[in-house]
Each structure stands twice: as structure tokens, then as C-alpha cells.
There are 2 protein chains.
Amino acid sequence: MAVTMNDVARVAGVSLKTVSNVINNYEFIRPATKQRVLDAIDELGYEANLTARSLRSGKTSMIGLVLADLSIPYYAELASDIMKAAWARGYRVLVEQSGNEPEHEKAALQGQFRTLTDGLLFIPLALDAEQIIHAAGKKPLVLLGEYVQDPRLDMVLIQNHQAAAAVTAHLLAGGRRRIAVIGAHDGDTTGSNGLRLEGYKAALADAGVTYDPALVIDCDWRRDGGAEATARLLDSGVDFDAVFGLNDALALGALHELLVRGRKVPEEIAVAGFDDIDEAKFASPSLTTVAPGRTEIAERAVELLINRIENKDAALDVQQPEAAFELRIRQSAP
Amino acid sequence: MAVTMNDVARVAGVSLKTVSNVINNYEFIRPATKQRVLDAIDELGYEANLTARSLRSGKTSMIGLVLADLSIPYYAELASDIMKAAWARGYRVLVEQSGNEPEHEKAALQGQFRTLTDGLLFIPLALDAEQIIHAAGKKPLVLLGEYVQDPRLDMVLIQNHQAAAAVTAHLLAGGRRRIAVIGAHDGDTTGSNGLRLEGYKAALADAGVTYDPALVIDCDWRRDGGAEATARLLDSGVDFDAVFGLNDALALGALHELLVRGRKVPEEIAVAGFDDIDEAKFASPSLTTVAPGRTEIAERAVELLINRIENKDAALDVQQPEAAFELRIRQSAP
DNA sequence: CTGTTGGCTTACATCGTTGCAGACCAGGGC
DNA sequence: GCCCTGGTCTGCAACGATGTAAGCCAACAG
């Protein structure tokens, strides 16, 4: 069916192995021979079969990326950055959507498709460190941004705590004292939601403002979750003068609901988010948020993973760099 | 390194082929033998090497997806749907970003990575039919949604013309007469931009409204393109009472710019888009747009492609179904 | 008792590529 | 003239799985 090295060899009048040598830029080939082979490749439109090459070499040059769902803007933007970073280093990315369900996450970590990849980038949402270590095989694994502290796992971290504290401090500096938090509940201390909530609490404490659990509302981390949570908050009659959405989707949902209900943003109620997705800049009013260093995270995670893949022997220490974050002050909370 | 069938065979005390037979559910295996093999698999944690399987079977169970960039919400949402549809049929998706550049598109069509896929879904942006046919190999190919008419290519189409006409008609019905179009220029007749522009013109003609090329502004199909084009329009002093963004990102960019400049939407200027991305519903004001049947497109495209892959013999006629669209009337153009 | 059938298992070749070892040849040093 | 060196090319085995064909054994018919 497809053209193979054998066909090329026959046409060029050389051995199969010489064709292989030409393709792999083996040094000692007479220019004339090389040219004949290249002509034959051209003539037949030969293309190397990557499957066979992978089998022989034991490398697929693909990395897996497990995330909740590409329809969530932050993940889509992160995936785009990761694919570019990987591509630049000669790797392709195979995306797997976990749908944020523990079963799917586990399946993605163990699944057969791992045999198609040289390593895995994983944005854990439902599994904890123990489960991850247990489920993951022996191939290199780097966790991304969101989650759990464990000294055995490589990961590239978002400064969840500090960045959330910075956002909260900014709201406090603007004179807000009753800051609602959307996307967590009082007990959380781990995970992005927990860490961000802790940052919020720390900033309150720093400013001498009392923490009120009634201002913390949990919901799905999506636009409609944020809208619905805000509706609940408004209906409950709790007094508040700012909303901190633990990600931008939540904040944008909240913003939408507030405007629908006729509340003035930021005059009456300030809104801030977390992630700085592209959309934040173009919302009306534009959304104050924190950029967690998405591109840097993508770059460093890909680089770290590929280093692991290519130097398996050099057992570097576990790496857990943190990306720099940056507050983006816009109209919704000036 | 990794556990192979051979290891399993040794542990179970059977031949390699028997292990293969167990894995492939071959009918005639004594239950006791089967159990011994399964136990060995469990004990060793064996997992089939998909690379080897692919080489032997000539099937990779992966399909390629070429699109501009995942950071564009419409593509991200479409990709998510496609991955789910493919997954449900036992296929994985390998995404390739073309960045909307002809060179990258061509490379993606021809590239070596095609040998890793059984077929390709392609959202063409820069290439025309002739180039696509020339660049594409012999593997199944289905075009998605956006583009060129050609009787030789399978594709699942958006009703660009009709849907754009419907949006325009809706704006006209609301009393608007000077409807600016963002994302095309006067000469376009092919491609999504051209077809949507044609739909716009047709609706104008139906309503007896004169077409004015001064109202058509070209720019990048992104939020900032839409904002910048709107700024140009406002600065030019041309009179208009509505903006039709040829996709939602453009419309949202326009909406943002209009609000920044203090124009009232929809009182002064109505805004409508195209795509119904998730964000449209949560904009303020929420965005009137047209849903092009994204999920249906994903489903049908995947199904068609997989049919092609699995029945190569049954040379079905070329298929070019059109997805149903639906107008979503919201606040920005009630 | 022999031949046949059918359940169960195995050996071998094969997919397309690359690593390894060696063949072959020309030129240079002895 | 012979050996050695190094440039150039080739053959064979191997990566890990599956298809094909055949082998083996028990049971059953003749």
C-alpha cells in the first residue's frame, strides 16, 4: 500500500539500509548515492512510517496532556501554549479530557494510551498525590499548576496562595471590606480552591478584617456556576461589596449576574477573578484579575518533562518551580 | 524495560501467541489457560504496546485534527466535541495547530504526523480546494464547516450564507438600516467570511436596503481585531446603527470598544455575532448570535471520517451534509 | 484399531524501521 | 606485494505485536 524504504531502495538501486542511512544523515555516503536516494524518495513520495520508527526506537515523540475539558478557556489557552512549546522541541501533544471525574483521570493516567507517549503532563483535579503516584506508571510525569504539594512529584506551580492574597489585598486597598468568594467552601485548604481561599484569608488577616464564612460560596468552576452562585448570594440577603471569583469564568459569570440584577460594577460591587484568560480583557467592564504566568508554566513544564524523558539516567532532584504571577487591574475593580 | 507479551507467556507457562489470543478474545481457549494468562498479566502489570500493534495492524486508531489555534474559543469548543465523539468510537485525536498560516496548513496536511493517524479532520482557512487536494495524501479526509465548495471533498458544512442572512434579517427587522460588517472586505465571496458577507448582502437585497461597501471592514478574526476595526469605523465618521461581527470574537471585541467609547448597546447600536460560543451568553449585554450546530458538526464529521476509514472499499459518494443553525436572540440585538 | 473431527495451542513469518557487525574497495606505509 | 586504515555500503537481527498454518490430543465413528 504505502511506499516503504524497500521501494525507495529498489528504485535507487541501493540497499534498504542505505536509504535508512541517508534519511538519518549518516556521515559516510557518497554524494552521488545520496542524491540517487533523495531522487527516488521524491519520485515515489516516500514518507517514513513513524509507527515503525517508534517501535524500533522505543520513542514516540509524543507527550500526553490530561486536563478537564478544552471548552474551558483557561485550559484551552494553556493547551495551546503547551502544544507550541512541545512542537518547538520536536514533540507532539496527545490531549485527553478527564471531564474532571476521578475515574476518567485515573484511566487517563494508566490507560493504554500512555504507551503512545514518552511522558505525561497532568493537571490533576480530583486525584490526590497518593492516588496519582499509585496510578501513574514509570514514565516521566509532570504536574501542572493547580494542586497538591508532594515532595515526590515534579510539578510547575501557580502561586495560588500569594496571587489570591494579592487580589484580595487589592480589593481591600480599594476600600472593600465585605468580599465574597465564589468557588470554594469554608473547609477547603488544598487544591487550587483551597489554596486560593487560604490566600484570601491571609490577606484579610493582614488587613485586620474579620473572615466571614457566610461570604464563601461553592459551585462549579464555570460561568454558569458563577452566575448561579451570585444569584444565591444576592437572594440570601448577605451584605457584600466585592466578589472574588476563584477563576475568571466564575468572575465573569458573577459579573453577568450582577449586571442583570442591576448592580453597578465597580461602583456598588467590585469584581475580580483569577487566570487572566483572553476574555477578561474584553469583558464590560473589563475584569481585574491575576495572570498566573500561563505561558511560563507551559514552557517550563514542557521543558522539565522533556528533560526527564531524554535524561532518564541523570536523576535530577524533584523540581517544583513556581511561575511568577502578575496582577492585572482593570475596570471591574480599579 | 517494559513488560511484553513474552514475559507474560513465560510466567503463565504458555506460548506468546496464546497470550495474544487471550487478549484478543479468541474463542477457543480453555478457561483454565485463560485464567492463568490473565493472572500473569495482572501480576506483571502488562499493557499492550500500541505502537507495535499499530505497526502490525496498519491502524493507529488516531485521527488528526488541524485547526488554527486552540486559544480561539470556537475551535477549542469544537475540538472538545470532536474529541468526545472520537473517543466514544474508540479513536483518539491528535491536534495540530496551523496558526492560520498557509505554510503550516500545508505542512500539517502532508506532514509525517499523518502516518500516525488513520484520517484527518481539517478546518481549512488559508488553502483552497486545489491546494488541499494536492497536498493531502490518500488517507481519508473530511473538511469541517468553514469553507470552500468542491465536489470532490467530503465535508460537513456550516450554513454560512443562510445563517448570516438570518442574523442580518433579524437586525433589519429590528429597524436597523446601516449595518456594519466586521471581518470581511468587499470582494470576498468564498471562505466563511465571503459566504457570510454574501448572506448579509442577500438579506439586505431582500429588504430593499442598499449595500454600502464603506460599512464593511476587514481585520483579524479575534477579539482585538474586532475592537480595533470598530475603533476605525467610529473614527472614520461613517454612520451606522448596528454591527455584525462575522464571528463572536469579533462581535465581542466590537461590543467592548463600543461600550468603552460610551455608545449604548443596543439602544444606539445593536451588535450581533456568529458561532454562539459559551462566552456570548455571559457577555454584558449578552450577545445575539447564531449557533451553527457545533455539536452536530463534530458528531457528523467524526462519524463520516470513521466510516471512510473503516469501509475503504465501499466507495460511498462524496458527502457534504449541512448542519442546522439556530438564531440566538439576546440583549445586544433584541 | 484406525481415521477423522474439532478444541486448543504453538511456531514462524511479518509489519517498516534502525543498530550492529562486517564486507568491500582504494590508497598509503612498510 | 601485503597489511592496515578508513570511507562506503550491505545483511541480519530486533523492536512487540498479530495472521497463518499447522501440530497435538481427546473423543468419536467406522
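All values derive from a computational prediction rather than experimental measurement. Letters go in sequence order (proteins before strands), and every chain restarts at 1.
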Table please: side-chain donor-acceptor pairs of residues 20-33 of chain A below 3.5 Å, with sequence neighbours left out.
unit_1 : atom_1 : unit_2 : atom_2 : d
A:S20  : OG     : A:N24  : ND2    : 3.4
A:N21  : ND2    : A:K17  : O      : 3.4
A:N24  : ND2    : A:S20  : O      : 2.7

Within residues 46-56 of chain B, the residues having a heavy atom closer than 4.0 Å to DNA chain C are B:L55, B:R56
Ordered by number, residues from residues 10-37 of chain A within less than 4.0 Å of DNA chain C (heavy atoms) are A:L16, A:K17, A:S20, A:N24
When rounded to whole Å, the CE to P distance for the pair A:M5 and D:dG11 reads 15 Å
When rounded to whole Å, the NZ to C1' distance for the pair B:K59 and D:dA17 reads 16 Å
As a check of understanding: the bend across the helix from C:dC1-D:dG30 to C:dC30-D:dG1, end axes from five pairs, rounded to 10 degrees, works out to 80°
For residues 5-13 of chain B, please give each side-chain donor-acceptor pair under 3.5 Å, one per line with the distance, not counting sequence neighbours.
unit_1 : atom_1 : unit_2 : atom_2 : d
B:D7   : OD1    : B:R10  : NH2    : 3.3
B:D7   : OD2    : B:T4   : N      : 2.9

The criterion is side chain to side chain donor-acceptor pair (under 3.5 Å); which residues satisfy it with [X], sequence neighbours excluded?
X: A:R53; answer: none
X: A:Q35; answer: A:D39
X: B:R222; answer: B:D224
X: B:E299; answer: none

Could you list the donor-acceptor pairs under 3.5 angstrom formed by side chains in residues 80-99 of chain B, with sequence neighbours left out?
unit_1 : atom_1 : unit_2 : atom_2 : d
B:S80  : OG     : A:D69  : OD1    : 2.7
B:S80  : OG     : A:Q97  : OE1    : 3.2
B:S80  : OG     : B:K84  : NZ     : 3.4
B:D81  : OD2    : B:R294 : NE     : 3.0
B:D81  : OD2    : B:R294 : NH2    : 3.1
B:D81  : OD2    : B:T295 : OG1    : 3.3
B:K84  : NZ     : A:D69  : OD2    : 2.9
B:R89  : NH1    : B:A85  : O      : 3.2
B:Y91  : OH     : B:K59  : NZ     : 2.8
B:Y91  : OH     : B:E310 : OE2    : 2.8
B:R92  : NE     : A:E96  : OE1    : 3.1
B:R92  : NH2    : A:E96  : OE2    : 2.8
B:E96  : OE1    : A:R92  : NE     : 3.1
B:E96  : OE2    : A:R92  : NH2    : 2.8
B:Q97  : OE1    : A:S80  : OG     : 3.2
B:Q97  : OE1    : B:L70  : N      : 2.7
B:Q97  : NE2    : A:S80  : O      : 3.3
B:S98  : OG     : B:L67  : O      : 3.4
B:S98  : OG     : B:N100 : N      : 3.1

Residues at least two apart in sequence or cross-chain that pass side-chain contact (heavy atoms from CB on, under 4.5 Å) with A:S54, listed by chain then number, are A:T60, B:T51
With sequence neighbours left out, the residues meeting side-chain contact (heavy atoms from CB on, under 4.5 Å) with B:E47 are A:T115
Exactly one candidate in B:L121, B:I297, B:V302 meets side-chain contact (heavy atoms from CB on, under 4.5 Å) with B:V156; the answer is B:I297
